Amino acid sequence: MRAVIQRVSEASCTVENKITGAITTGFLVLLGIEDADTEDDLQWLAQKISNLRVFGDENGLMNKALADINGGILLISQFTLFAQTKKGNRPSFIRAARPEKAIPVYEKMIKVLEELTSKKIETGIFGADMKIALVNDGPVTIIIDTKSRE
């Protein structure tokens with residue numbers, strides 16, 4: 001699994017001119033799922049997202065997590081995070097999980113994050129043409145790959 005986590009002061013997802021999910025302060029999380037992902041990957045990544053301390057404290061240091069600031073999460077599925085660009089100019093997405101595997105994993109991630117944060121997770125619509133609007137705060141953008149746990 002790969003996640004691009006952006007600290008935002010606001011973010012929203014619109015599908016066919018309707019807002020499907022919106023948050024104020026928190027994380028916009030773009031989530032890529034591949035066939036090799038396991039339950040362990042999901043649990044590990046959900047813990048990382050919910051406990052990531054990148055919000056400023058009273059001294060301006062990144063010491064606070066989502067819970068400390070009552071932040072929200074907008075979770076967007078994004079298979080293009082597994083684009084392979086080694087050959088040619090047209091990316092290959094062969095590593096990205098097919099919808100029959102990815103949808104249940106995405107739905108499980110929503111549930112796990114809701115349990116960990118005790119908040120409703122805002123979302124897009126899996127597979128839809130989504131328009132994402134955000135104000136990246138900082139900017140702070142963190143990339144996490146569960147196959148490269150550094």
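Since we're looking at a predicted model, the values are computed, not measured.
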Side chains of [X] and [Y], heavy atoms from C-beta outward: is any pair under 4.5 Å?
X: R2; Y: T146; answer: no
X: L45; Y: L31; answer: yes
X: F27; Y: L75; answer: no
X: S77; Y: M130; answer: yes
X: E10; Y: V8; answer: no
X: C13; Y: I76; answer: yes
X: Q84; Y: R95; answer: yes
X: L30; Y: L81; answer: yes

Could you tell me whether [X] atom [atom1] has more than 12 heavy atoms of other residues or ligands within 6.0 Å of it?
X: K120; atom1: NZ; result: yes
X: I69; atom1: CD1; result: yes
X: E16; atom1: CD; result: no
X: K147; atom1: NZ; result: yes
X: R149; atom1: CZ; result: yes
X: I94; atom1: CD1; result: no
X: N17; atom1: CG; result: no

Check for a donor-acceptor pair, side chain of [X] on one end and backbone N or O of [Y] on the other, with a separation under 3.5 Å.
X: K119; Y: I73; answer: no
X: T20; Y: T123; answer: yes
X: N136; Y: V140; answer: yes
X: K101; Y: D35; answer: yes
X: N51; Y: K48; answer: no
X: E122; Y: A22; answer: yes
X: T38; Y: D41; answer: yes
X: D57; Y: N59; answer: yes

State, to 0.1 Å, how close [X] and [Y] come at their nearest heavy-atom pair, and which atoms those are.
X: L66; Y: G26; result: CD2-CA, 3.9 Å
X: G32; Y: D37; result: O-OD2, 4.3 Å
X: V15; Y: A128; result: CG1-CB, 3.9 Å
X: A102; Y: I33; result: O-CD1, 3.5 Å
X: Y106; Y: G124; result: OH-N, 3.8 Å

Take V4 and V29 through the side-chain contact (heavy atoms from CB on, under 4.5 Å) test and state the conclusion after the steps.
CA-CA 6 Å; V4 175; V29 179; over 6 Å; no
Under-4.0 Å salt bridge between D137 and R7
yes
Parallel under 30°, tilted from 30 to 60°, perpendicular over 60°: which one fits the rings of F93 and F79?
perpendicular
For the hydrophobic clusters of this structure (ILVMFWY residues joined by side-chain heavy atoms under 4.5 Å, transitively), does one cluster hold both L113 and F126?
yes
Indicate if V105 and W44 have the same hydrophobic cluster label, given that clusters are the connected sets of ILVMFWY residues with side-chain heavy-atom separations under 4.5 angstrom.
yes
With a 3.5 Å cut-off and no angle check, do the side chains of Q47 and Q43 form a donor-acceptor pair?
no
